[in-house]
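The block underneath contains the structure these notes are about, expressed in structure tokens.
Sequence lines set the chain letters: A, B, ... in the order given, protein chains first and strands last, and positions in each chain run from 1. Just so you know, these numbers use all the heavy atoms, side chains as well, and skip hydrogens, waters and symmetry mates.
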Amino acid sequence: MAAPSSSTATLTPVLIHLLRGASDLASVAATHAKLLKAGFASTLASSNHLLAAYSRCGAMSRARDLFDGMRDRNVISWTTLMSGYAASGRPRDTISLLRGMQFSGVQPNVVTLSTAASVCARLADEGLGLQVHARAAVARCARDTVVATALVDMYGKAGRVEDSRAVFDGMAAPARNAVSWGAMLAVYAQNALGNEAIQLFAELRTDDSGLVPNHFMLSSVMSACAGVARLGIGKCVHGAALRLGHGNNEVIAVALVDMYSKCGFYEYSRKVFDRIEQPSLIPYTSIIVAAAKYGLGRCALALLGEMVDRGVQPNDVTLLSVMHACSHSGLVDTGLQLLRSLQSKYGLAPCPSHYTCAVDMLGRAGRLEEAFELAKEAQIEGKEALLLWNSLLSACWTHKRLDLATLAGQRVSEFNQDVAGGLVVMSNAYASAGQTDNAAAVWSSMRQRGIRKDPGCSWIEVKDIPYVFYAGAISCAGTRADEMLMLLDELECKIREKGYKGRLGSARVSDGHEDDRDEGKGVMVGVHSEILALGFGLLVLPKGMTIRMMKNLRMCSDCHEAFKKRRTVVTDPRDDLGGGCG
DNA sequence: ATAGGGTTAG
């Protein structure tokens with residue numbers, strides 16, 4: 001190794017400056033060569049700069065070679081390489097470096113541990129995350145702002161929300177910054193705990209930290225409002241976003257499109273979307289998803305055409321959503337054409353979900369033979385095949401094709417798994433044929449086999465407060481329960497004349513305990529929850545006002561018919577692939 | 001001074 005001459009001693013800062021600005025492999029390699037020539041390449045500082053530069057341009061094998069050849073490595077050398085692997089989507093290599101580092105006696109610092117924790121978050125690996133948390137505790141940096149924030153995220157991604165909150169609460173109040181709050185809000189939103197997110201957001205606003213909500217927090221809270229269909233709060237958060245100057249933020253706009261559509265206001269979704277200047281893939285896809293939900297097939301097709309014209313490439317999610325839109329608006333042949341043109345026109349390989357959507361589309365239309373052909377052609381295996389055949393089974397029941405139902409039922413039973421959705425469809429089919437004993441038998445066998453199904457519920461927001469109804473129980477109507485019973489009686493007389501078969505007046509006054517929502521009887525022969533929510537809406541909302549209610553399960557056809565009599569918007573904030581009636 | 005945390009569509 002040549003000793004650096006006096007003439008090159010001033011050269012190094014210049015070369016390091018070059019490295020910092022370099023983002024392409026060629027210029028990093030050129031500077032590396034110059035450093036070698038000047039005899040500075042092997043100093044720890046230069047090597048670390050080179051490691052960072054190679055990592056920045058994704059040249060991880062170069063970085064690794066350099067790292068392996070280094071005589072000395074400090075915490076920055078190890079951490080730089082770890083973060084390079086993390087950025088290259090190689091979380092396992094990041095973690096094995098953490099182990100190697102520990103083994104070589106170099107102590108990790110806050111940067112090392114926050115990098116490790118964020119990698120565990122991406123892996124959603126609870127076991128690894130716990131190890132990193134333990135190491136952080138040993139190194140006394142588990143309460144560091146950045147480390148703790150990464151741990152909050154890690155526990156959230158692993159589904160351990162309470163542990164996230166414990167880490168969040170364990171941070172000293174001044175250590176919590178906007179990112180920490182954003183991470184905790186996101187954890188609640190991502191784990192379907194919308195009301196907890198809303199609650200925490202309210203706490204931030206009365207907190208004395210003086211933190212101002214940023215677009216990360218706002219989009220998480222909007223997504224939380226979408227998840228629990230809290231329109232009133234969602235509108236407030238929309239207002240806050242505008243006041244805080246986020247009116248032109250695309251991420252916020254997407255969250256709003258999604259929120260309004262899940263709260264029953266497609267028109268608002270469309271307004272928000274139309275204000276986006278150059279919508280990219282995700283805004284386009286989110287408005288198409290919304291259009292699909294409202295059965296606006298033509299609209300979804302127009303949006304697809306528009307994005308292609310503007311040079312925005314649709315992806316598999318976009319096309320699946322357009323197919324859903326076709327399915328929900330009876331454009332069966334158009335939807336099938338989309339499936340056939342995925343590869344040729346859009347360069348996309350059809351996924352199991354595309355086939356399942358197409359099979360479902362044919363099934364709804366009663367084209368069951370074609371649906372069977374397509375299901376066989378798809379050659380799908382595993383869990384996804386179960387979904388496909390189960391959807392076909394439902395369609396057979398709906399169209400009273402017992403011959404084909406047996407065939408599809410065989411395929412489903414081959415998986416040797418209990419599918420609550422299919423059984424619910426079966427019991428509903430019995431119930432609609434008036435065979436309530438058989439229907440109840442299906443439910444009790446489900447209970448015996450330990451198959452649990454979320455009890456169906458519907459809710460309606462009045463003056464920003466959600467009122468939740470379960471089948472056969474009207475506790476939530478409070479002091480107006482008796483009035484509601486009378487109203488439902490009246491309503492029942494009216495719609496029976498139109499052929500509605502459900503029972504409205506037989507709701508029991510309940511204190512809302514679990515026992516009162518007996519699945520064997522309440523759900524099957526009691527009053528569907530959407531009817532209760534409708535009755536409550538009729539009672540408390542001004543006459544003529546559109547009633548918007550939310551459900552967690554798909555509505556049955558009888559209720560659907562009944563609802564056509566009144567201007568009503570019903571949405572399911574979750575995925576609508578589930579079956580059943582509540 | 002070379003390394004670190006949170007957000008949007010199915």
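- You won't find any donor-acceptor pair under 3.5 Å spanning the side chain of A:N48 and the base of B:dA1, going by distance alone.
- Rounded to whole Å, atom P of B:dT8 lies 19 Å from atom CZ of A:F273.
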task = For the pair A:E203 and A:R176, evaluate salt bridge (charged side-chain N to carboxylate O under 4.0 Å, His left out) and give the outcome as yes or no after the intermediate values.
result = CA-CA 13 Å; A:E203 283 170 31; A:R176 278 188 212 150; over 6 Å; no
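- We find that CG of A:L303 is positioned 17 Å from P of B:dA9, with the value rounded to whole Å.
- Residue A:S321 places none of its side-chain N or O atoms closer than 4.0 Å to OP1 or OP2 of B:dG10.
- Straight-line distance from the NE2 atom of A:H246 to the C1' atom of B:dG6: 14 Å, rounded to whole Å.
- For A:R143, the CZ atom sits in a loose shell: 12 or fewer heavy atoms of surrounding residues, nucleotides or ligands are nearer than 6.0 Å.
- Residue A:D153 contributes atom CG, which lies 5 Å from atom P of B:dT7 at whole-angstrom precision.
- Between A:K262 and the phosphate of B:dT8, there is no side-chain N or O to OP1/OP2 separation shorter than 4.0 Å.
- Base contact: A:T145 has a heavy atom under 4.0 Å from a base atom.
- Here A:V187 lies out of heavy-atom contact (under 4.0 Å) with every strand.
- Of the listed nucleotides (B:dA3, B:dT8, B:dG6), B:dT8 has the atom at the smallest distance from the side chain of A:V254.
- A donor N or O paired with an acceptor N or O is found under 3.5 Å between the base of B:dG5 and the side-chain atoms of A:T149.
- Listed pair A:Q190 / B:dT7 meets the phosphate criterion, a side-chain N or O lying under 4.0 Å from OP1 or OP2.
- Nearest nucleotide to the A:H49 side chain, out of B:dG6, B:dA1, B:dG10: B:dA1.
- The two residues A:R275 and A:G247 come nearest to each other via the heavy atoms NH1-O, 3.5 Å.
- The residue A:S180 sits close to a base: some heavy atom pair falls under 4.0 Å.
- For A:T80, counting side-chain heavy atoms from C-beta on, the closest listed nucleotide (B:dG6, B:dG5, B:dA3) is B:dA3.
- Between the OG atom of A:S394 and the CG atom of A:D360 there is a distance of 8.0 Å, given to the nearest 0.5 Å.
- Looking at heavy-atom distances under 4.0 Å, A:A178 makes contact with a base.
- Taking atom CD1 on A:I252 and atom C1' on B:dA9, their separation rounds to 15 Å, with Å as the unit.
- Between A:A139 and A:P108 the shortest heavy-atom distance is CB-O, 4.3 Å.
- A:L320 comes within contact range of no nucleotide atom at all, as no heavy-atom separation falls under 4.0 Å.
- No engagement by A:N249 is indicated, since no non-hydrogen atom pair under 4.0 Å with the nucleic acid exists.
- Across all strands, A:A52 comes closer than 4.0 Å only to sugar-phosphate atoms, never to a base (heavy-atom distances).
- No hydrogens or angles were tested; on distance alone, a donor-acceptor pair under 3.5 Å links the side chain of A:S114 to the base of B:dG4.
- Checking B:dG4, B:dG6, B:dA3 against every side-chain atom of A:F216, the shortest atom distance belongs to B:dG6.
- Per the geometry, CE belonging to A:M70 stands 14 Å off P belonging to B:dA3, to the nearest Å.
- Across the protein-nucleic acid pair, A:W78 atom CH2 and B:dG4 atom P stand 18 Å apart, rounded to whole Å.
- Within the cation-pi definition used here (under 6.0 Å to the ring centroid, within 45° of the axis), A:K235 qualifies as a partner of A:F265.
- Contact annotation: side chain of A:D144 to base of B:dG4, donor-acceptor pair present below 3.5 Å.
- Closest of all the heavy-atom pairs between A:A175 and A:S180 is O-OG, 4.2 Å.
- Backbone-only contact: A:R56 has heavy atoms under 4.0 Å from sugar-phosphate atoms and none from a base.
- At the heavy-atom level, A:V179 lies under 4.0 Å from base atoms of the strands shown.
- Side-chain proximity of A:D258 to the nucleotides B:dG6, B:dG10, B:dA3 is greatest for B:dG10.
- Atom-to-atom, CG of A:L200 to C1' of B:dT7 comes out at 15 Å; the value is rounded to the nearest Å.
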